[in-house]
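A short write-up of the structure that comes next.
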Amino acid sequence: MTLHPQPLAPALAAAEAAGRTTVRLDLHGVRDKAGLMRRCGDALRLPEWVGGNWDALADALRDLSWLPGAAEGRLVAVTGWRGYAEARPAEWETFVELLEEAVGFWRERGPGPGLVVVLAESEPEPEPEPGPGPGPGPGGAPESGRGPAAGAPPRTPRLKRRRG
């Protein structure tokens, strides 16, 4: 899925104005699972019982009672994620699946406060230098500067066992 790049700040402001609790999870500089878990803990203000493993993080994202002020739901904007995704592709895939599962869990609960996760770039990518070969995206198609939105209908789930 490709999205047209839009500034993140207005989207977060609109979500807050609509009564959503918004959290920005900036992953710039994160290159391993321990760093990801620390960053999630700090940004999301996770309870102390959430350890550094996938299952505990998944449980916390299905509870959300610890995240205050969610009358109209919660929006988590994940930024600066490309470096981690490139450094640890298998862990990144597990993290995205975990987020999709959490979004699906809240969607299945029906009306009421839910969870939306957006993968976004915090700053526009620099324009590529002209030169030979295909453009910046696969097959020469330019990329949008944004990743898939986990709040959108999820892709076909690929279930796999999480590693602690």
Side-chain angles (χ1 to χ4, degrees), residues 1-16 20-64 66-70 73-107 114-128 136-138 142-155 157-158 160-164:
M1 167 188 264
T2 302
L3 301 176
H4 297 287
Q6 298 293 322
L8 183 58
L12 293 176
E16 288 173 359
R20 289 187 178 266
T21 297
T22 61
V23 176
R24 186 170 179 163
L25 174 57
D26 183 4
L27 299 182
H28 279 105
V30 173
R31 295 295 185 265
D32 61 18
K33 181 181 171 188
L36 173 70
M37 293 295 176
R38 276 192 304 278
R39 196 68 61 92
C40 286
D42 293 344
L44 299 170
R45 298 176 301 268
L46 293 173
E48 288 185 25
W49 59 262
V50 178
N53 67 69
W54 299 121
D55 290 332
L57 181 57
D59 290 345
L61 291 173
R62 286 186 193 103
D63 175 355
L64 295 181
W66 45 267
L67 189 57
R74 300 137 184 114
L75 179 128
V76 177
V78 183
T79 61
W81 53 270
R82 288 188 191 270
Y84 180 70
E86 292 170 3
R88 303 288 188 160
E91 290 176 8
W92 174 249
E93 183 177 338
T94 299
F95 182 60
V96 169
E97 288 176 2
L98 182 145
L99 293 173
E100 289 174 338
E101 290 170 6
V103 168
F105 171 83
W106 286 99
R107 183 180 295 129
L115 175 66
V116 173
V117 177
V118 177
L119 303 181
E121 285 300 319
S122 55
E123 301 170 355
E125 296 280 328
E127 289 296 318
E143 292 189 37
S144 68
R146 294 219 184 205
R155 65 181 184 234
R158 293 183 317 260
K160 68 179 190 180
R161 177 165 266 175
R162 292 192 187 108
R163 290 174 226 114

For a quick test of reading the model, state the closest non-hydrogen atom pair linking [X] to [Y] and the distance between them.
{"X": "D26", "Y": "T79", "answer": "CA-OG1, 3.4 Å"}
{"X": "F95", "Y": "L27", "answer": "CE2-CD1, 4.4 Å"}
{"X": "A56", "Y": "G51", "answer": "CB-N, 3.7 Å"}
{"X": "V23", "Y": "A43", "answer": "CG1-O, 3.3 Å"}
{"X": "T22", "Y": "A15", "answer": "CG2-CB, 3.7 Å"}

So, taking the atom named [atom1] in [X] and the one named [atom2] in [Y], what distance separates them when rounded to the nearest 0.5 Å?
{"X": "L115", "Y": "R107", "atom1": "CG", "atom2": "CZ", "value": "9.5 Å"}
{"X": "L57", "Y": "L99", "atom1": "CG", "atom2": "CG", "value": "7.5 Å"}
{"X": "K33", "Y": "R38", "atom1": "NZ", "atom2": "CZ", "value": "12.5 Å"}
{"X": "L46", "Y": "D59", "atom1": "CG", "atom2": "CG", "value": "11.5 Å"}

Sidechain-backbone polar pair: R39 side chain, L25 backbone, donor-acceptor under 3.5 Å: no

Is the side chain of R62 donor-acceptor paired with the backbone N or O of E101 at a distance under 3.5 Å, no angle test? no

Only one of V96, L75, L98, V78 passes side-chain contact (heavy atoms from CB on, under 4.5 Å) with V117; say which it is. V78

Test item: [X] and [Y] side chains (from C-beta on) under 4.5 Å apart, heavy atoms:
{"X": "R20", "Y": "V116", "value": "yes"}
{"X": "R74", "Y": "W106", "value": "yes"}
{"X": "R88", "Y": "L36", "value": "no"}

Angle class for the W92/W81 ring planes (parallel below 30°, perpendicular above 60°, tilted otherwise)? parallel

